[in-house]
Amino acid sequence: MDKKHLRWVDLHLRDLTLGDVNRDAIDLLTKKRLEDGVSHATVNRMLEVVRAILRRAEREWEWIEKAPYIRMLPEPKRRVRWLKREEAMRLIDCSPKHLKGLIRFSLATGLRKSNVTGLTWQQVDLERRVAWIHADQAKAGRSINVPLNDDALDVLNSQIGKHPEYVFVYRGKPLQETNTKAWKNALKRAGIQNFRWHDLRHTWASWHVQGGTPLAVLQELGGWESSEMVRRYAHLGCEHTAVYANQISLQPRKKAEIGTNLVQNRNGRLLRVV
C-alpha cells in the first residue's frame, strides 16, 4: 500500500527537491488527491507516508533543516467491527485449510497481520507458552510478549514440520498476503459483510473486554502505545459499572437489597456500604 501511495506522490513531486517540499506543496498535493474522489482516510494514509520520509530526511539523514508541518484531514470515527463467536467459527469453517490456522491464531493472540504472517519459530517457546514480537516488528516500536492460550498452542502444534523457519506457509512458502480471493470467498460463504482482516484484532480485543480483561492489561497484551487506542473497546465491558446503575433508580429499593449493603463497625453500629 505504501508503494501505491509513493507512486502517486512521485507523479506530482518528482520535479521538486526535498527542500522544495514545503507546506504549500503539501497542501496542493492534498487538493489534487481529493480531486481523484478518494476518501479523507486515503489522503491521510498518503500524507503519513510523505511525513515519514520528510521526518527521516530531517532527523536521520540531515538532508533538510526542518520538515514541514502536515495537516491531516478529519476522518469520521468508525465503529469497532467485531464478530460474535458463532460468526467466527462459521468463518473458520468456510475458510481454506491454509487460512484456518491464521484466523484462529489471530483471534487467539490479537496480533497484526504482518506479525502473524512473518512469525518465525525462533519467536515461539511452546514449553513456556509464549511468543514475542521484536521492537522493529511492532507498530509502536516496542517489543511485545504474547502469552499463548490453548487455541494458539493448538494451532502452532499443527504447523510443526511445515517449514524450518516460518510458522505459517502456503504450498511450502511463507504467507505474505491475506487479503486474497480465498479470504473474500470465505467471508462470502460465511455470510459476513464489511469485515477486514484487521477486524480479527478488533474481535480479539472485544472478546477480552467482554470477558472482563482490564483495559490496562489489554493495552499491554495488544502492544498499543496509548490508552486512547484501547478505550474504543471500553463500551463493550460495562459489568463493573452495572452494579451502580440502581443507585439513582426512581423505584424505592427493597429492604433486602438495602440490607446487603450494611456492615457492622467495631462498636456494633450498622454502616451502609455504597
Side-chain angles (χ1 to χ4, degrees), residues 48 75 77-92 99-159 167-168 178 192 194-247 261 273-274:
E48 287 172 355
E75 295 183 41
K77 292 185 177 181
R78 298 177 57 183
R79 292 185 178 182
V80 172
R81 179 71 170 96
W82 58 279
L83 297 179
K84 296 179 180 179
R85 280 174 171 78
E86 55 268 27
E87 292 178 308
M89 290 303 300
R90 193 165 69 242
L91 175 58
I92 294 171
L99 287 184
K100 289 181 186 289
L102 276 173
I103 295 172
R104 289 181 59 201
F105 192 77
S106 297
L107 289 170
T109 62
L111 288 175
R112 293 180 174 87
K113 181 196 73 173
S114 61
N115 295 143
V116 176
T117 57
L119 189 68
T120 66
W121 288 111
Q122 290 185 343
Q123 295 171 256
V124 176
D125 189 330
L126 295 176
E127 291 187 5
R128 293 177 52 229
R129 300 172 63 101
V130 66
W132 51 89
I133 304 300
H134 300 298
D136 60 346
Q137 299 172 314
K139 185 176 181 180
R142 297 180 309 201
S143 59
I144 307 172
N145 290 322
V146 185
L148 302 172
N149 63 15
D150 291 341
D151 289 342
L153 284 174
D154 184 54
V155 171
L156 291 174
N157 283 320
S158 70
Q159 296 298 116
V167 175
F168 296 103
T178 56
I192 296 173
N194 188 30
F195 193 82
R196 308 164 303 161
W197 186 273
H198 190 72
D199 292 328
L200 294 172
R201 177 171 167 86
H202 291 321
T203 299
W204 164 83
S206 300
W207 288 357
H208 260 292
V209 173
Q210 292 169 8
T213 302
L215 294 184
V217 175
L218 180 60
Q219 180 179 345
E220 184 175 354
L221 288 172
W224 280 288
E225 187 173 7
S226 69
S227 59
E228 284 300 313
M229 300 296 293
V230 187
R231 291 206 60 80
R232 72 180 108 172
Y233 307 104
H235 67 285
L236 297 172
C238 61
E239 290 81 2
H240 64 292
T241 59
V243 67
Y244 299 102
N246 278 331
Q247 299 293 336
N261 288 335
V273 179
V274 178

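Note that these values count all heavy atoms, side chains included, but never hydrogens, waters or copies made by symmetry.
Between Asp199 and Leu83, the closest side-chain pair of non-hydrogen atoms is not below 4.5 Å.
Annotation: side-chain hydrogen bond (donor to acceptor under 3.5 Å, both in side chains) contacts of Arg90 (sequence neighbours excluded): none. In this structure, Arg142 has no salt bridge (charged side-chain N to carboxylate O under 4.0 Å, His left out) partners at least two apart in sequence or on a different chain. Residues passing the salt bridge (charged side-chain N to carboxylate O under 4.0 Å, His left out) test with Arg112, sequence neighbours excluded: none. Checked against ring-ring contact (aromatic ring centres under 6.0 Å, His included), Trp207 has no partners two or more places apart in sequence or in another chain. Partners of Thr109 by side chain to side chain contact (heavy atoms under 4.5 Å, CB included), not counting sequence neighbours, listed by chain and number: Phe105, Leu111, Val146, Leu148, Ala152. Applying the side-chain hydrogen bond (donor to acceptor under 3.5 Å, both in side chains) criterion to Gln137, with sequence neighbours excluded, gives Gln123. Scored by the salt bridge (charged side-chain N to carboxylate O under 4.0 Å, His left out) test, Lys113 finds Glu177 as partners (sequence neighbours excluded). When the side-chain hydrogen bond (donor to acceptor under 3.5 Å, both in side chains) test is applied to Arg129, the partners found at least two apart in sequence or on another chain are Asp150. Here Arg128 pairs with Asp125 under the salt bridge (charged side-chain N to carboxylate O under 4.0 Å, His left out) rule; sequence neighbours left out.
Smallest separation of non-hydrogen atoms from Glu87 and Trp82: OE1-O, 4.4 Å. Heavy atoms only, all atoms of each residue included: Trp204 and Ser106 are closest at CB-O, 4.2 Å. Between Tyr233 and Val209, the closest heavy-atom pair is O-CG1, 3.4 Å. Of all heavy-atom pairs between Ile133 and Ala138, the closest is CG2-N, 4.1 Å.
To the nearest 0.5 Å, atom CG of residue Leu91 and atom CD of residue Glu86 are 12.5 Å apart. Distance check: Met89 CE to Leu107 CG gives 10.0 Å after rounding to the nearest 0.5 Å. Rounding to the nearest 0.5 Å places OG1 of Thr117 at 9.5 Å from CZ of Phe168.
At distances below 3.5 Å, not a single donor-acceptor pair connects side-chain atoms of Asn157 with backbone N or O atoms of Asp154. At distances below 3.5 Å, not a single donor-acceptor pair connects side-chain atoms of Arg104 with backbone N or O atoms of Val155.
Residue Arg81 forms a side chain to side chain contact (heavy atoms under 4.5 Å, CB included) with just one option from Thr203, Ile192, Leu200, and that option is Ile192.
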Taking distance alone, no hydrogens or angles, what donor-acceptor pairs closer than 3.5 Å link side-chain atoms of residues 213-225 to residues at least two apart or in another chain?
unit_1 : atom_1 : unit_2 : atom_2 : d
Thr213 : OG1    : His208 : O      : 3.2
Thr213 : OG1    : His208 : ND1    : 2.8

